[in-house]
Undergrad: 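Structure in structure tokens, see below.
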Amino acid sequence: MASDGGAYRLRCSLLGHGQDVRGLTRSLFPPGGFVSVSRDRTARLWALDGLNRGFTEIHCMSGHSNFVSCVCIIPPSELYPRGLIATGGNDHNICIFTIDNPAPLYILKGHKNTVCSLSSGKFGTLLSGSWDTTAKVWLNDRCMMTLQGHTAAIWAVIILPEQGLMLTGSADKTIKLWKAGRCERTFTGHEDCVRGLAILSEMEFLSCANDATVRRWQISGACLNVYYGHTNYIYSISVFPQCKGFVTTGEDRSLRIWKKGECAQTIRLPAQSVWCCCVLDNGDIVVGASDGIIRVFTESLERTASAEEIQAFEYELSQASIDPKTGDLGDINADDLPGREHLKDPGTRDGQTRLIEDNGKVEAYQWSVSEGRWIKIGDVVGSSGATQQTSGKVLFEGKEYDYVFTIDVNESGPSYKLPYNITDDPWLTAYNFLQKNDLNPMFLDQVAKFIMDNTKGQTLSTSSEFSDPFTGAGRYVPGSSSGSSTVPGADPFTGNEKFIIYLASMWDTFVMVFRMGAYQSSEAKVENIYFPKKDAVTFDKANPSQILGKLKELNSSATEEHKLTEDDLTILEKLLSATCNTSAETPTAQQLQTLWRAVNWPEDIVFPALDILRLSVRHPTVNENFCNEKDHVHLAILLKFLNPKGKQANQLLALRALCNCFVSQAGQKLMMEHRGEIMTQAIETKSGNKNIHIALATLTLNYAVCLHKDNNIEGKAQCLSVISTVMEVVQDLEAVFRLLVALGTLISDDTNAVQLAKALGVDSQVKKYASVLEPAKVKECCRFVLNLL
């Protein structure tokens, strides 16, 4: 047996994945190996390399169309004596692989959002958890039951040793025990999203959560212990063989090893997010992180990496930048920190952190009991080596700034320091200042304006005119001399004049005293013109002559079964004239019957008929006919064009027609009654072009408008899931903007929706658009959304 070193040290670092490693599990074949999955859409099987120290990738599996988030091993059976590998992904699917084929054996479909957790049980059963708030029980290639009861994403699932018992952990902060498909018990105690579950025995289990705690539970419902140590989200938990302790990983860059209820060792990694871990049969620990590297740690001296490898790992760790805002290092005041001589004193416990000031920089060190020394774990960002005398700048918290303003929120309250460099974004600086000091986000515009007024740094150009963010049209400005005005605007994808959306300004007055010398601002008005959106957005551009010309052209080549007569074409021309407001006539029943005949044309020639429908459905008469039809056959015809294998022109026009249905109450009622079916079909078009993405985002926005009025949390959950899914694939900023408005509309005045959005990780998706320069509306809308999140 290998000698025991007492503490875990690096065994090896494995390169191969191109992005974050999101899931790990030990393998049955080959023995001693493991499987990893990643955002790079692959799963990889690793085996011992024969040198007893490292691992070799022996098999790469692909089958998901988006990132892979979880993995588990299905035990051997007579048909598959070496077992199977199951992976869950952001494409809503579960892929089942053999260990020697890169393509899936079969794919399980049924979830409506990301599959983020998997667990296998006896007799080939598989349990899956998803962002769609359900867990599903699978047997071979069939879904046997769906577990419903959680109100938010299910991040963790596990099948217990006792047959029929299952556990699910959710972003709704609860854990549920299921027996034969029924919820037997709900465990409460965690204060944030439950992220991981692990079995201790038939009667006990562990859970970890975003509240930075681990809890030990009895199946009966009692919480036996709460373990503290992490300083940020805990993403993963795994138990040692014979249940002799457990390991956890999280957002505080650490792997923590727990023995006898105490954190016995903390290992820092040079990556912010340590997503996953698993324990091998020999007790070695495998971890995956946001840098795409898999690292293995061991107690065995024989399997420990070479001195050169450990030195390289420690150097990489020392070069990391640590953001003090994570809270992992406590409150930092660079002026009060000791120098390097402080490292001569030994630490009092493993994992203890010590900060020092060295030549103007703040460095973080961690005490290693096994090594008997302080190991550098990174530089604290925000440190500076210059002084005010040498740089000509102002020093604040150890960093150089062009300006450091003193701001009083009110005359009797405390003062706050606002540091700013002229190369910084004034809006982002203002947002961070308000967040840091827990100030009202409605001060955002005032703070940003104050910065711009009192510096001559680089700022983004802004227009003095108000415009509708969707159409470019003028909007009503309370107090303006003209009272109300409408300025024609262009449809964002067609350039044609369209109806004007009036956005009422929300005027909230705040008095905020700014002090920089004798400067004091006057009252300022702060408004959000983007959401909550009150009215549907439609697609209105029309060129009737071109549409009719294409219709006639395709009609000439149509089969006799589908060909329209000259009278039919004249009827459709009149319908188009009536619905495009160039005629005072009302659409007739004959015109509508002819339109439906044209909409039933073959897929390759139907698009001009769909375009006529898209325009016509805005008219009250056509809308009523479409929405009140018995059995909704016409809606079913429209939905069939959303087939992802169909023509993109048909997908686009069908989505636009659905958007235009929202112009009337009858249309809204129909769309809401069939929301589940419509959104499920619509999301299948997410792989389309940018115009399809804009139409899909608009459909989501129109649903958000209705859901904001109805406050339907189930509907909001589906809509938020769609937003999260579509944001993963869209690149067009107009589509992004409409998704941001939809998100803002959904979460406005609804704390449950805010929590749901956070649980789905939508806030991290939104943040990447905070620095977009053009169009300005994307960045501005992003700011307002982040204020709510």
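Every heavy atom of this structure was used, including side-chain atoms; hydrogens, water molecules and symmetry mates were not.
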Undergrad: Between Val157 and Leu197, does the side chain to side chain contact (heavy atoms under 4.5 Å, CB included) criterion hold? Intermediate values first, please.
TA: CA-CA 7 Å; Val157 299; Leu197 296 166; 5.7 Å; no
Undergrad: Using the ring of each side chain (for Trp, its six-membered ring), is Phe313 parallel, tilted or perpendicular to Phe297, with breaks at 30° and 60°?
TA: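 The rings of Phe313 and Phe297 stand perpendicular, inter-plane angle above 60°.
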Undergrad: Would you say the side chain of Leu301 lies within less than 4.5 Å of the side chain of Arg9, judging by non-hydrogen atoms?
TA: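 A side-chain contact exists here, since the closest heavy-atom pair is under 4.5 Å.
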Undergrad: Are the side chains of Trp275 and Thr249 in contact, using a 4.5 Å heavy-atom criterion?
TA: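 The answer is no; the side chains never approach within 4.5 Å.
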Undergrad: Please give me the minimum heavy-atom distance between Leu165 and Leu177, naming the atom from each residue.
TA: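 Closest heavy-atom pair between Leu165 and Leu177: CD2-CD1, 4.1 Å.
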Undergrad: Give, for atom CE of Met203 and atom CG of Leu160, the distance between the pair rounded to the nearest 0.5 Å.
TA: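 Rounded to the nearest 0.5 Å, the CE-CG separation comes out at 10.0 Å.
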Undergrad: Verify side chain to side chain contact (heavy atoms under 4.5 Å, CB included) between Lys136 and Leu108, making sure each step is shown before the conclusion.
TA: CA-CA 11 Å; Lys136 291 182 181 290; Leu108 304 178; over 6 Å; no
Undergrad: May I ask you to decide if Arg253's main-chain N or O and Arg268's side chain share a donor-acceptor pair within less than 3.5 Å?
TA: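 Not confirmed, Arg268 side chain does not pair with Arg253 backbone.
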Undergrad: Assess whether atom CD of Glu262 is packed by more than 12 heavy atoms of other residues, nucleotides or ligands within 6.0 Å.
TA: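 No.
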Undergrad: Considering all heavy atoms of both residues, which atom of Ser69 and which atom of Thr114 are nearest to each other, and what is their separation?
TA: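 Heavy atoms only, the tightest pair is OG-CG2, 4.0 Å.
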Undergrad: Taking all non-hydrogen atoms of both residues, which atom of Thr168 and which atom of Trp178 are closest, and how far apart?
TA: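 Residues Thr168 and Trp178, closest heavy atoms: OG1-NE1, 2.8 Å.
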Undergrad: Using 30° and 60° as the class limits, which term best fits the ring planes of Trp217 and Phe187: parallel, tilted or perpendicular?
TA: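 Plane angle over 60°, so perpendicular.
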Undergrad: Under 3.5 Å, side chain of Glu316 to main-chain N/O of Pro270, donor-acceptor pair present?
TA: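 No, Glu316 side chain to Pro270 backbone: no donor-acceptor pair under 3.5 Å.
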Undergrad: May I have the step-by-step check of salt bridge (Lys or Arg N to Asp or Glu O under 4.0 Å) for Glu299 and Lys244, ending in yes or no?
TA: CA-CA 14 Å; Glu299 273 187 310; Lys244 294 180 178 179; over 6 Å; no
Undergrad: With a 3.5 Å distance limit and no angle check, can you tell me whether Arg41 reaches the backbone of Ser65 through a side-chain donor-acceptor pair?
TA: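 Yes, the answer is positive, given that a donor and an acceptor are paired below the 3.5 Å cut-off.
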Undergrad: Is a donor on one side and an acceptor on the other found under 3.5 Å between the side chain of Asp40 and the backbone of His17?
TA: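 Not at all, since once roles are kept as given, no pair shorter than 3.5 Å links the two residues.
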Undergrad: Considering residues, nucleotides and ligands other than Lys112, do more than 12 of their heavy atoms fall under 6.0 Å from its NZ?
TA: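 12 or below, so no.
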Undergrad: Taking Arg53 for its side chain and Ala305 for its backbone only, find out whether a donor-acceptor pair lies under 3.5 Å.
TA: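 No; zero donor-acceptor contacts below 3.5 Å.
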Undergrad: Does Phe55 form a side chain to side chain contact (heavy atoms under 4.5 Å, CB included) with Ile294? I'd like the steps, not just the answer.
TA: CA-CA 10 Å; Phe55 293 82; Ile294 298 168; over 6 Å; no
Undergrad: For residues 236-243, tabulate all N or O donor-acceptor pairs below 3.5 Å that involve a side-chain atom, not counting sequence neighbours.
TA:
residue	atom	partner	partner atom	Å
Ser236	OG	Cys277	N	3.2
Ser238	OG	Val279	N	3.3

Undergrad: For a side chain to side chain contact (heavy atoms under 4.5 Å, CB included) check, start with the C-alpha distance between Thr174 and His150, then their side-chain angles and the critical distance, and finish with the verdict.
TA: CA-CA 8 Å; Thr174 70; His150 284 292; 3.4 Å; yes
Undergrad: Are Ser273 and Asp20 close enough that some pair of their side-chain heavy atoms sits under 4.5 Å apart?
TA: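 They are not in side-chain contact.
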Undergrad: So for atom NZ, which belongs to Lys259, do other residues, nucleotides or ligands contribute more than 12 heavy atoms lying within a distance under 6.0 Å?
TA: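 More than 12 heavy atoms, drawn from other residues, nucleotides or ligands, come within 6.0 Å of this atom.
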Undergrad: Using a distance-only test with no angle check, is there a side-chain donor-acceptor pair under 3.5 angstrom linking Thr298 and Asp284?
TA: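 Checked: Thr298/Asp284 side chains pair up, N/O donor to acceptor below 3.5 Å.
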Undergrad: Within a strict 4.5 Å, meaning less than it, do heavy atoms of the Leu746 and Ile723 side chains meet?
TA: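 Heavy-atom side-chain distance check passes, below 4.5 Å.
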Undergrad: So do the side chains of Pro30 and His59 get within less than 4.5 Å of each other, counting heavy atoms only?
TA: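 Of all side-chain heavy-atom pairs linking His59 with Pro30, none is under 4.5 Å.
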Undergrad: Just by distance, do the side chain of Asn90 and the backbone of Asn66 share a donor-acceptor pair under 3.5 Å?
TA: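 No, because the side chain of Asn90 does not come within donor-acceptor range (under 3.5 Å) of the backbone of Asn66.
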Undergrad: How long is the straight-line distance from CZ of Arg373 back to CH2 of Trp367, given to the nearest 0.5 Å?
TA: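 These two atoms lie 9.5 Å from each other.
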Undergrad: For the side chain of Ser170 and the backbone of Ala153, is there at least one donor-acceptor N/O pair under 3.5 Å apart?
TA: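 Answer holds: yes.
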Undergrad: Could you check whether any side-chain heavy atom of Lys109 comes within less than 4.5 Å of a side-chain heavy atom of Ile107, counting everything from C-beta outward?
TA: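 Yes, side chains in contact.
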Undergrad: Out of curiosity, Thr56 OG1 to Ile58 CD1, how far, rounded to the nearest 0.5 Å?
TA: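 It comes to 8.5 Å.
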Undergrad: State, to 0.1 Å, how close Trp131 and Ser724 come at their nearest heavy-atom pair, and which atoms those are.
TA: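 Looking at all heavy atoms of both residues, the closest pair is CZ3-OG, 3.5 Å.
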Undergrad: Can you check whether Ile73's main-chain N or O pairs, donor with acceptor, with Ser120's side chain at less than 3.5 Å?
TA: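 Yes: the side chain of Ser120 pairs with the backbone of Ile73.
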Undergrad: Decide salt bridge (Lys or Arg N to Asp or Glu O under 4.0 Å) for Glu251 and Arg195; before the verdict, give the C-alpha distance in whole Å, the side-chain angles of both, and the deciding distance to 0.1 Å.
TA: CA-CA 12 Å; Glu251 185 65 15; Arg195 298 299 290 263; over 6 Å; no
Undergrad: With sequence neighbours excluded, what pairs up with Ala271 under the side-chain contact (heavy atoms from CB on, under 4.5 Å) test?
TA: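 With neighbours one apart ignored, the set is Ala289, Ser290, Asp291.
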Undergrad: How close do Ile159 and Ile199 get, heavy atom to heavy atom, and via which atoms?
TA: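 For Ile159 versus Ile199, the nearest heavy atoms are O-CD1, 3.3 Å.
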Undergrad: Roughly how far, to the nearest 0.5 Å, is CG of Leu24 from CD1 of Ile285?
TA: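 Between Ile285 CD1 and Leu24 CG, I get 12.0 Å after rounding to 0.5 Å.
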Undergrad: Looking at Thr266, is its backbone amide N or carbonyl O close enough to the side chain of Gln366 to form a donor-acceptor pair, meaning the two atoms are under 3.5 Å apart?
TA: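 Pair found, side chain donor or acceptor close to backbone of Thr266.
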Undergrad: Can you tell me if Glu184 has over 12 outside heavy atoms packed within less than 6.0 Å of its CD?
TA: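 Yes, enclosed.
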Undergrad: Working to the nearest 0.5 angstrom, can you tell me the gap between Asp252 CG and Ile234 CD1?
TA: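 The CG atom of Asp252 sits 8.0 Å away from the CD1 atom of Ile234.
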Undergrad: Side-chain contact, heavy-atom cut-off 4.5 Å: Arg22 with Val68?
TA: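 No; the side chains remain at least 4.5 Å from each other.
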Undergrad: Heavy-atom distance under 4.5 Å between the side chains of Leu147 and Lys176, does that happen here?
TA: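 They are not in contact (no side-chain heavy atoms under 4.5 Å apart), so the answer is no.
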Undergrad: Looking only at heavy atoms, which two atoms of Asn93 and Val115 are closest? And how far apart?
TA: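 Closest heavy-atom pair between Asn93 and Val115: O-CG2, 4.0 Å.
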